[in-house]
Structures are given as C-alpha cells and as structure tokens.
Amino acid sequence: MNTLPAQPVAVVGAGPAGIATALALHTVDIPVKLYERYSEPRAAGNIVNLWAPAVKALFNIGVDIDDIGAECVTEFQNHKRRVRARVRFPNGSVEKWGGFLGLTRPDLYERMTAALPDGMLVGNSVVTGVADKGDHVELSFQDGSRVSTPLVVGADGINSVVRKLVWGAPPMREHDLHVIGGYTYEMIDTVPTEEAVVAHSRTIQGSHTGIRSKGRDGYEWWVLEAWDHDKPAPVDLKRHALTLARDFPPELSQMIRSSTPDHIFRWPIRDRGPVPETWSKGRVTFAGDAVHATSPYAAYGAGMSIVDGYFLGQLLNGVDLADRDALTSALKKYEGVRVAHTAEQVARAHMLGRIFHKVPAPIRPIRDYVFDHTGFLQKQVGDSNPAAIAAQLEEMGEDIFTPAPALATAASARS
Ligand SMILES: Cc1cc2nc3c(=O)[nH]c(=O)nc-3n(C[C@H](O)[C@H](O)[C@H](O)COP(=O)(O)OP(=O)(O)OC[C@H]3O[C@@H](n4cnc5c(N)ncnc54)[C@H](O)[C@@H]3O)c2cc1C
C-alpha cells in the first residue's frame with residue numbers, strides 16, 4: 001500500500017512547467033496545490049512550437065491534444081530558399097505525437113488549464129519564503145499566510161524566487177539578441193501549413209511555421225537579430241519586423257503585414273547560463289525555466305518544462321513523501337533523466353544564436369558557405385538534435401504509470 005502525504009505537494013508557478021507538474025502528480029493520485037502569483041495562468045507571449053515529447057506528456061497527464069497544432073516538416077534554409085538541413089526523426093519514432101507542431105500559446109494554456117481539477121489552482125498567491133524543516137517545508141506568501149507541505153516544486157520561471165531562496169540566483173546571461181514574432185490566419189496559397197522554415201541571412205533569422213487554432217489554419221512567424229539587451233525596443237514592432245524580413249521570400253512579409261498588432265510580441269533573449277547539475281535540495285525541487293531557461297533557438301523551453309512535470313509524476317508515483325530518503329532517491333532519479341538532456345538543449349540553443357548572429361563580419365561568408373555547401377547543419381540540427389529529442393519518447397516509457405525499463409527498477413523498489 002502506498003502511504004500518501006496528508007498535505008498536498010506545493011507547486012509554485014502556473015506556467016507550462018507548473019501546470020504540467022500539478023497535472024502529472026494528480027494523475028498518479030498525489031494531492032497537489034498549484035500556487036500562482038496572478039489570479040490565473042497568463043500566456044506569456046503568442047506563439048509556440050511543441051516537439052513530440054511534450055505532446056506525449058500532455059496526453060498522458062490528461063490534456064486534450066486533439067487537433068492541438070499543425071504538424072510541420074522543418075527545414076533550415078538560407079534567405080534565398082536554399083535548403084541547408086531537413087529535420088529528420090529516426091524512422092517511425094515520432095509519428096504518433098506529431099514531430100514538430102505549431103500552435104498559439106493562449107491555446108496551449110487554455111487546454112492545460114482546462115485539465116486542472118477544481119480547487120487545485122490557487123491564484124493571487126505570491127510565494128516569498130521557503131523553509132525546509134526536515135519533515136516538511138513551510139511555504140510563505142506575500143499576504144503573510146503559510147502552508148506546510150511535504151514537497152515544493154519551484155516552477156516559477158526564469159526569475160524563480162524559489163531558486164533564489166534555495167540555491168541563490170545565478171546572473172542573467174544576456175544573449176544580446178531579440179525576437180519579434182506574431183501570427184495570422186490569412187492564408188497564402190503557396191505556403192502549406194505543414195511547413196516550418198527556419199531561414200537565415202547573414203545577420204537575421206526570418207522564419208515561419210504553420211499553426212492550428214480551434215480548427216483554423218494559420219501561420220506563426222518570427223524575425224530575430226542581434227540587439228543589445230539595454231538598447232530600447234523598436235517603437236513600431238510591425239514596421240521593424242517588416243524591415244528585417246526585406247531580404248527573405250515575400251511570403252514572410254505577407255504574414256507580418258496581415259498580423260494585427262495585438263498578435264505581435266517582442267522578447268529579448270536571455271537565460272541563466274548552463275543548467276545546474278543538481279536541482280533538488282531536501283524537500284524542494286524544480287521544473288522548467290527555473291532551472292533550464294532556454295533561448296527560443298531550441299523552440300523547446302515550454303516542451304522541456306512539460307516533460308519535467310511528466311517525469312516528476314512518473315518518478316514520485318507511489319513514493320511515501322513523508323520518507324525523506326525515499327523522496328531524495330526519487331528526486332535523484334528525476335535529475336538523472338532531466339539534467340543532461342536539458343543542459344544539452346540550453347547549450348545548443350545558446351550556441352546557435354552565437355553562430356548565426358554573433359560571429360565577426362569577415363567570418364560570416366565562410367560560415368554561410370559551409371552551411372550552404374556541406375552537411376554540417378544537417379548533422380547538427382537535421383539529424384543529431386531530432387534524434388536526441390525522439391530518444392526522449394523512449395525514455396518516457398509507455399505512459400506515466402509505466403516507466404522505461406531503466407527507470408522501472410526504481411519504481412518497483414518503491415511499491
Ligand atoms: C520568444 C520566445 C519563444 C519561445 N518559443 C518556444 C517554443 O516554440 N517552444 C517551446 O517549447 N518553448 C518556447 N519558449 C520557451 C517557453 O516560453 C518557456 O520555456 C516556458 O514558458 C517556461 O515555462 P515555465 O512554466 O518554466 O515558466 P513560466 O512560463 O515563466 O511560468 C512561471 C509562472 O510562475 C509564476 N510565478 C513567478 N514567480 C512567482 C511567485 N513568486 N509566486 C507564485 N507564482 C510565481 C509566473 O506568474 C508564471 O505563471 C519560447 C520563449 C520565448 C521567450
């Protein structure tokens with residue numbers, strides 16, 4: 001028999017990591033409360049792509065994934081449509097989960113929030129203190145209230161208060177890049193929604209993917225360039241995006257033109273540097289950007305955050321949370337499956353940003369010659385990265401109750 005904790009696990013932050021964690025714990029019958037500083041989850045931004053592992057995780061934690069996004073075949077191109085790499089997953093590995101999907105961020109939040117059982121989300125709860133007392137953790141809130149919990153999951157994003165309190169905050173790593181992105185439902189005959197194109201000129205990225213939203217087809221697009229983090233943002237985002245899109249095929253400008261200003265956002269790109277090797281301390285652990293904030297070059301920050309939640313559910317299933325040693329061992333397993341993969345993705349995304357936007361001007365023609373005429377990019381972003389992502393599907397096991405063989409030993413030892 002499992003001994004379940006009398007008090008709920010406390011998940012801090014209702015972004016993709018926090019909602020996924022709460023849903024995953026609920027799926028395996030662990031009581032949980034999800035504390036969010038705002039009254040309800042707020043989609044930070046407008047566009048998002050999901051790789052297959054995130055979709056598998058969403059399905060297994062009770063989120064409706066029916067027609068959730070446009071399945072896209074992805075190509076890296078130069079700005080004159082020359083194909084540099086095709087994203088190829090190992091045969092048959094991702095079909096069930098759609099490979100790479102384009103959707104809107106509000107849709108993702110809506111679907112995830114809809115899966116939360118009544119009463120799990122506690123809005124207007126700004127966490128300000130975390131004290132591990134050995135047999136429980138005391139979580140404090142801005143309004144002076146406190147709760148006691150067997151486990152805190154810090155899922156409070158890149159500016160994680162929980163991480164700051166538990167580990168101290170590493171400095172922000174500014175990439176000195178910014179991205180402007182938007183979406184539109186105005187269709188273009190020559191651009192299929194099954195297409196994702198990540199294109200680069202000498203200094204700018206101009207990309208698009210298909211999206212599906214509530215049964216409607218459309219496109220999301222983004223342009224990305226070097227931009228000092230302390231330089232003020234362009235005043236007119238749409239006009240600036242159109243300027244950046246000038247050297248790309250005209251369809252990109254068409255998408256930008258047909259996007260309404262309320263569907264256009266800008267983000268400076270930053271992370272917190274390399275992913276820490278240890279995430280957990282006593283009865284506190286982390287998920288999502290709190291430990292692996294990632295440049296959008298990975299298009300995977302939300303996806304990895306969702307998969308974190310899935311693994312927390314899978315690895316805590318049946319664990320007596322009152323037993324500190326059992327909890328520690330489960331959290332070690334969790335780090336075992338998450339740290340290397342997320343660290344690699346964060347490093348790769350940071351490196352891609354530097355290669356495409358930060359190499360000195362005299363080197364750029366040589367770089368582009370290599371990308372246009374050799375298999376370098378195909379190897380990196382076309383084959384090796386998709387293989388690493390597809391391998392996650394195996395690592396996730398059959399479902400949240402059925403860990404992969406390598407993890408099953410730990411699971412059976414606990415039951
Ligand atoms: C331009 C851009 C494009 C991106 N594109 C993609 C993409 O295509 N695919 C992809 O997978 N990822 C993408 N990402 C990354 C993705 O957005 C993040 O990785 C993801 O949102 C992280 O989720 P999270 O839940 O960890 O953190 P967040 O989304 O930041 O959520 C943290 C939550 O914690 C709450 N919170 C904070 N502090 C407290 C507190 N003290 N008390 C209570 N609550 C608190 C916040 O209000 C928030 O709701 C992109 C990011 C950017 C910037």
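Note that ligands are numbered from 1 as they come in the structure, with each ligand's atoms numbered from 1 the same way.
- Looking only at heavy atoms of the protein, atom 46 (C) of ligand 1 is closest to Arg37 NE, 3.4 Å.
- Separating the OG1 atom in Thr278 from the CD atom in Glu335 is a distance of 5.5 Å, to the nearest 0.5 Å.
- In terms of N/O distances under 3.5 Å, ligand 1 is not approached by Val12.
- Applying the salt bridge (charged side-chain N to carboxylate O under 4.0 Å, His left out) definition to pairs two or more places apart or across chains, those involving residues 173-190 are Arg173-Asp271, Glu174-Arg270.
- Note that CG of Asn78 is 11.0 Å distant from NE2 of His200, once rounded to the nearest 0.5 Å.
- Contacts between Ala54 and ligand 1 below 4.0 angstrom, taking non-hydrogen atoms only, are absent altogether.
- At least one N or O atom of Glu36, backbone or side chain, sits closer than 3.5 Å to an N or O atom of ligand 1.
- Between Tyr38 and ligand 1, no N or O atom pair is found at a separation short of 3.5 Å.
- Tyr310 and Phe59 have their aromatic ring centers separated by at least 6.0 angstrom.
- For ligand 1, the atoms lying closer than 4.0 Å to a non-hydrogen atom of Ser305 are 22 (C), 23 (O), 26 (O).
- Donor-acceptor pairing under 3.5 Å is recorded for the side chains of Asp399 and Thr402.
- The side chain of Val161, and not its backbone, has at least one atom closer than 4.0 Å to an atom of ligand 1 (non-hydrogen atoms only; side chain from C-beta on).
- No part of Tyr297 comes within 4.0 Å of ligand 1, judged by heavy-atom distances.
- Note: no N/O pair closer than 3.5 Å links Val126 and ligand 1 by distance alone.
- Counting heavy atoms only, Arg105 comes closest to atom 50 (C) of ligand 1 of the residues Arg270, Arg105, Lys164.
- Among the candidates Thr209, Asp67, Leu50, the single residue satisfying the side-chain contact (heavy atoms from CB on, under 4.5 Å) test with Leu103 is Leu50.
- The protein heavy-atom contact nearest to atom 42 (N) of ligand 1 is Val127 N, 3.0 Å.
- Residues forming a side chain to side chain donor-acceptor pair (under 3.5 Å) with Tyr38 (at least two apart in sequence, or on another chain): none.
- When Gly157, Ala20, Ala299, Gly18 are checked for heavy-atom proximity to atom 27 (O) of ligand 1, Gly157 turns out nearest.
- Any N or O atom pair closer than 3.5 Å counts here, and Ala17 shares at least one such pair with ligand 1.
- Ring pair Phe286/Trp279: centre-to-centre distance not below 6.0 Å.
- For the residues Gly154, Pro296, Gly181, Ala43, the heavy atom positioned nearest atom 52 (C) of ligand 1 is part of Pro296.
- A heavy-atom separation below 4.0 Å is found between Tyr109 and ligand 1.
- With rounding to the nearest 0.5 angstrom, the CD atom of Gln392 is 9.0 Å from the OG1 atom of Thr342.
- Only the backbone of Ser125 comes within contact range of ligand 1, with a heavy atom under 4.0 Å; no side-chain atom does.
- Here Pro16 has heavy atoms under 4.0 Å from ligand 1 in both its backbone and its side chain.
- Checked against the 6.0 Å centroid criterion, the rings of Tyr35 and Phe141 qualify as a close aromatic pair.
- Under 4.0 angstrom from ligand 1, the non-hydrogen atoms of Tyr300 all belong to its backbone.
- The closest heavy-atom contact to atom 9 (N) of ligand 1, among the options Val291, Asn49, Leu108, comes from Asn49.
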I would like to know whether Arg84 and Asp372 meet salt bridge (charged side-chain N to carboxylate O under 4.0 Å, His left out); could you show each step before the answer?
CA-CA 6 Å; Arg84 292 170 158 180; Asp372 284 341; 2.7 Å; yes
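- Listed by number with element, the atoms of ligand 1 under 4.0 Å from a non-hydrogen atom of Ala155 are 32 (C), 33 (C), 34 (O).
- Within the 4.5 Å cutoff, the side chain of His240 has heavy atoms near those of the His178 side chain.
- Backbone and side-chain nitrogen or oxygen atoms of Ala302 are examined, and one is located within less than 3.5 angstrom of a nitrogen or oxygen of ligand 1.
- For the pair Leu237 and Pro234, the tightest heavy-atom approach, listed with the atom from each and the gap, is CD2-O, 3.8 Å.
- For ligand 1 and Gly288, the ligand atoms under 4.0 Å from any heavy atom of the residue are 26 (O).
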